[in-house]
Amino acid sequence: MAFSLIATGDALLTQRMARNDPDLLALKAVFEAHDARFTNFELTVHDFEVSPSAVSGGTWVVARPAVVQDLNWLGCNLYGCATNHSLDWGHDGLQTTLRHLEEAGCIHAGIGRNLAEAAQPCYLETPKGRVALISVCSTAKDWHIAGEQRPDVRGRPGINMLRFNAVHYVPEEDIETLRAIVDGKTYANARQRVREQGGYAEPAKGFAIGSVRFDAGDAGTVTSCNSKDTARIVKSLHEATRQADVVLVSHHVHEFNGLDKTVPPDFAREFAHLCIDNGAHAYLGHGAHILRGVELYKNRPVFHGLGDFFFKNDSVERQPADFYAPYGLGPDSTPTDAFDARSGNGTRGFVVDKRIFEAVMPSFTVEDDAVVSLELIPITLGFGLKRSRRGMPKLASVEDGTRILGDLQNLSAAFGTVIEIENGRGRIKMA
């Protein structure tokens, strides 16, 4: 039996929806034509009864709990929740978010009260069978990872995290130059050296400055997946493939290759292939807030970057004191004062980058364990509009859709993917 699925990128929604909005009603109709409707839930939800963390994913993202009901109304029925904002409001904020998702009946993955909960697949039951989702995040602080439960100690709330290793390769003589400068002329590495001398840390291969590792070789930077994390995720995939008819993996990753944000890092592509190799029908990448190319791997789609779905990060109702401090703003300032200061009154940052406000929603069909069709539906999010309307999605016009898909064509060409464009929609032929 054929499953129809649709997916979006990041739903960073911080205010209620107008349910009589014709643009949202048109999106709702598209969503409800599919069996499974995925979105990446880049939110915490609470009523400010919790304390903020000392640091955030950029903005301390939060919405009132009712926005969960709005997303359900729109048609979302499968939520990836592991993001760099999951712990913006601490462990209490994460657990409060979990409670509201559960009370709203949301099928969600990627966060939990301990590592077992965060890592486990979630399952959506449909008349045509079961869809599994595993949600993973790589862009986060080291304390964001959920902790394992022990017989004598409770687990730690957090996210299902895929960490990665980075090695910066330079010629051997440059390694020695680095060593001579850092160890010979400064105390920048004193803590690490004392730890090594005391036997508390293994000496790094090559040379390390804190967690930044250099080694001799052809110049460049190589990233790779953390093997402990991939082992855990592969175990979840093997569980999901035995339980479900369709398996999806959601990966929130801001990192990029070199200086080009449109190019996924090495470890993300490695992970995407690992997921397909272990039974996933599609890899859903997001987090960079812009489109990245589409790849077909073993005739299954790898969406390296779906862009945004909602992007209301400058409409958050309240922000902690830590958000105001970098702009010299005190307790009498409002969130809008800080958002305007951050953007230079709308002259820099996300607000002037049109790519942030254009995205695609892949619509695909799985039948007899194969992805048999793939359509790309472009959306726009109100670039250039006032703050009240900016960041809200609508189906793109034929003109805008053709242009957006043309950009995606170029990004996907690096992976050998051919996108056909007709009447503002894209199609990728499946073998």
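Keep in mind that the numbers below use all heavy atoms, side chains included, and drop hydrogens, waters and symmetry copies. Just so you know, these numbers come straight off a predicted model, no measurement behind them.
- Contact of the I421 side chain with the R425 side chain is not registered, since no non-hydrogen atoms from C-beta on lie closer than 4.5 Å.
- Using modelled atom types, one side-chain atom of T417 and one backbone atom of V294 make a donor-acceptor pair closer than 3.5 Å.
- For D260, the CG atom sits in a packed shell: over 12 heavy atoms of surrounding residues, nucleotides or ligands are nearer than 6.0 Å.
- The neighbour count for E399 CD, taken as heavy atoms of other residues, nucleotides or ligands under 6.0 Å away, does not exceed 12.
- Heavy-atom contacts from other residues, nucleotides or ligands closer than 6.0 Å to CZ of R427 number 12 or fewer.
- Checked by atom type, the side-chain pair R130/Q243 shows a donor-acceptor distance below 3.5 Å.
- Within 6.0 Å of CD in E148 there are 12 or fewer heavy atoms belonging to other residues, nucleotides or ligands.
- Of the possible donor and acceptor atoms, one in the side chain of R156 sits under 3.5 Å from a partner among the backbone N and O of I145.
- Between F310 and M17 there is a side-chain heavy-atom pair separated by less than 4.5 Å.
- Distance alone, capped at 3.5 Å, places no donor-acceptor pair between the E117 side chain and the G112 backbone.
- Judged purely by atom type and a 3.5 angstrom limit, Q409 uses its side chain to pair as donor or acceptor with the backbone of I419.
- Between H108 and C81, the closest side-chain pair of non-hydrogen atoms falls below 4.5 Å.
- For T39 (side chain) and F41 (main-chain N/O), no donor-acceptor pair under 3.5 Å exists by modelled atom type.
- Salt-bridge annotation for D340 and R342: absent, with no side-chain N of the basic residue lying under 4.0 Å from a carboxylate O of the acidic one.
- Here the side chain of S236 pairs a donor or acceptor atom with the backbone of A119 at under 3.5 angstrom.
- Between H251 and S138, the side chains place a donor N or O and an acceptor N or O closer than 3.5 Å (distance only, hydrogens not considered).
- No donor-acceptor distance shorter than 3.5 angstrom exists from the side chain of N189 to the backbone of Q192, with no hydrogens or angles considered.
- Between H273 and Y297, the angle of the ring planes stays under 30°, which puts this pair in the parallel group of the 30/60° scheme.
- Crowding of R191 atom CZ: a count of heavy atoms from other residues, nucleotides or ligands under 6.0 Å not exceeding 12.
- Remark: the R232 side chain and the N160 side chain contain an N/O donor-acceptor pair separated by less than 3.5 Å.
- If you run ring pair (Phe, Tyr, Trp, His ring centres under 6.0 Å) between F309 and each of Y79, F38, F357, F31, only F31 comes through.
- D174 and T177 share no side-chain donor-acceptor pair at under 3.5 Å.
- In summary, the side chains of N226 and N165 do not present any donor paired with an acceptor at a separation below 3.5 Å, with no hydrogens or angles considered.
- Ring geometry for H252 against H286 counts as tilted: the plane angle lies between 30° and 60°, on a 0 to 90° scale.
- Two rings, from F339 and Y324, have their centers 6.0 Å or more apart.
- In this structure, H254 and H289 have perpendicular ring planes: the angle between them is above 60°, well past the 30° mark.
- Residues T365 and S373 bring a donor and an acceptor atom of their side chains to less than 3.5 Å of each other.
- In the displayed structure, E202 atom CD is contacted under 6.0 Å by at most 12 heavy atoms of other residues, nucleotides or ligands.
- V55 is not listed as a side-chain neighbour of D322, based on a closest heavy-atom distance of 4.5 Å or more.
- Between the side chain of D407 and the backbone N or O of I404 there is no donor-acceptor pair closer than 3.5 Å.
- Formation of a donor-acceptor pair under 3.5 Å by the D229 side chain with backbone atoms of R163 is found in this model.
- Side-chain atoms of H168 and T221 form a donor-acceptor pair, as typed in the model, at a separation below 3.5 Å.
- L133 is listed as a side-chain neighbour of S250, based on a closest heavy-atom distance under 4.5 Å.
- Using modelled atom types, no side-chain atom of H34 and backbone atom of A36 make a donor-acceptor pair closer than 3.5 Å.
- Around CZ of R193, the count of heavy atoms belonging to other residues, nucleotides or ligands within 6.0 Å does not exceed 12.
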